[in-house]
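Numbering of ligands and ligand atoms starts at 1, following listing order.
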Amino acid sequence: MAKKNIRDVELKNKKVLMRVDFNVPMKNGVITDTNRIVQALPTINYALDAGAKVILFSHLGRIKEEADLAKNDLAPVAKKLEELLKKPVKFVNATRGKELEDAINEMKPGEVVMFQNTRYEDLDGKKESKNNPELGAYWASLGDVFVNDAFGTAHRDAASNTGIAAHIKGESVSGFLLEKEIKFIGGAVDNPVHPFVAILGGAKVSDKISVIENLLNKADKVLICGAMSYTFFKALGYEVGESKCELDFVDYAKGLLDKANGKIILPVDTVVAKPDKEKVAVDFFQAISECETKVVPSDKIPSDYQGLDCGPATIEKFKEELKGAKTVVWNGPAGVFEVEKFAVGTKAICELLANLEGATTIIGGGDSAAAAISMGYEHKFSHISTGGGASLEYLEGKVLPGVACLDEK
Ligand code: ADP
Ligand code: MG
């Protein structure tokens, strides 16, 4: 069941409605990271080279009240796009109406129009985010073909993705970025090459229940790390001291360990510290960056210490467990990677995966992807997902509306 891609449709002279993810980080109207715009260029350029009229749109931030409008104005993004594309981009400061319709009607093949933040429509009854059918039908009426290249919002049922797909006359297809996400994450979840190893870390068991369950069904092994480990340690009856631990989920973790039949691999050692409580109350990262650390076996965490990273013996164990793996999916950092001292485990996992031969390696998850990129491993993985929330839902085995709405090949 493959989805149609932009390569599969005729684009010449067509008005192509292209949903991109230009939800870039901004500070005082200045874009602080252009990565999402850069990532959209191949699909845009492909359509332009094929002689399409390209109509771009995206959401930016959240719009709840009037004051959110100016903060989330897409005009600076259109300017940056113009620079990166080396082509004029006609920006229309509206999400509907005569100015937008005229701009589109005047387009020639190879030209680009971009319109204002789709969530400006949220101000009056959340029309974009609640997929108002009138809005989806209106946007669909502006073009001939719909291309969805916004994976980051593919888990949302919005007027600018499913709404348009439901109403457009012509085809609804994926762009290259979305296609890549479907190929890698979808491929790993639905049809992995075995042995398939999942590495799950991050903050909470409760955030990741569906991911753990889904991957436990599909993977040959599940390696657990991050703060999540301590809930599992507690389930085994270990002292976890001051470590992050979700007491409400200890029984749940116990149940998972029972049914996993040895498939779940836990850290064998932990880096612990005893930060000053008053300092922690002011700034957790600062407080833990200042304190002494030691490595202890996982079942020997002192009662007044907390675990903040996995230890060297765990990395050795993970290395053994990963030997021969053909597919690896990783979600969730192994420790508090925001602080250098506790980023060692996360970096070691990057290194292990970068050196795995013949394996497809995938990162899904906002913080884990950011960690790997900031540590210099951007090009060492087969795929690093661009969508935090969307990739998590994909790993949970959920159907993403923004993918499901596209035409089958
Ligand atoms: P992702 O976004 O990749 O899905 P999460 O959001 O679940 O990952 O988790 C990321 C957070 O988990 C990071 O902020 C990191 O500091 C935190 N974390 C990891 N290990 C620990 C730990 N041992 N104690 C406290 N926080 C941790
Ligand atoms: Mg996160």
Which N or O atoms of ligand 1 sit under 3.5 Å from a protein N or O, and how far apart is each pair?
from     : atom 1 : to   : atom 2 : distance (Å)
ligand 1 : 2 (O)  : G366 : N      : 3.4
ligand 1 : 2 (O)  : D367 : N      : 2.8
ligand 1 : 2 (O)  : D367 : OD2    : 2.9
ligand 1 : 3 (O)  : D367 : N      : 3.3
ligand 1 : 3 (O)  : S368 : N      : 2.8
ligand 1 : 3 (O)  : S368 : OG     : 2.4
ligand 1 : 4 (O)  : K208 : NZ     : 3.1
ligand 1 : 4 (O)  : N331 : ND2    : 3.2
ligand 1 : 6 (O)  : D367 : OD2    : 3.0
ligand 1 : 7 (O)  : A203 : N      : 3.2
ligand 1 : 7 (O)  : K208 : NZ     : 2.7
ligand 1 : 9 (O)  : A203 : N      : 3.1
ligand 1 : 12 (O) : A203 : N      : 3.3
ligand 1 : 14 (O) : E338 : OE2    : 2.5
ligand 1 : 16 (O) : E338 : OE1    : 2.7
ligand 1 : 16 (O) : E338 : OE2    : 3.3
ligand 1 : 20 (N) : A227 : N      : 3.2
ligand 1 : 23 (N) : G307 : O      : 3.1

With distance as the sole criterion, is a donor-acceptor pair present between the side chains of Y305 and E239 under 3.5 Å? no
Strictly by ring-ring contact (aromatic ring centres under 6.0 Å, His included), give each pair with a member in residues 57-78 just once, sequence neighbours left out. F57-F115
Does K183 form a salt bridge (Lys or Arg N to Asp or Glu O under 4.0 Å) with E179? I'd like the steps, not just the answer. CA-CA 6 Å; K183 177 178 156 205; E179 182 188 53; over 6 Å; no
Without hydrogens or angle criteria, can the side chains of S391 and E181 be said to hold a donor-acceptor pair below 3.5 Å? no
The N/O/S atom of D367 lying closest to the Mg ion (ligand 2) is OD2
Should the pair E134-K127 be classified as a salt bridge under the 4.0 Å nitrogen-to-oxygen rule? no
Lys/Arg N to Asp/Glu carboxylate O, R19 vs E128, below 4.0 Å: yes
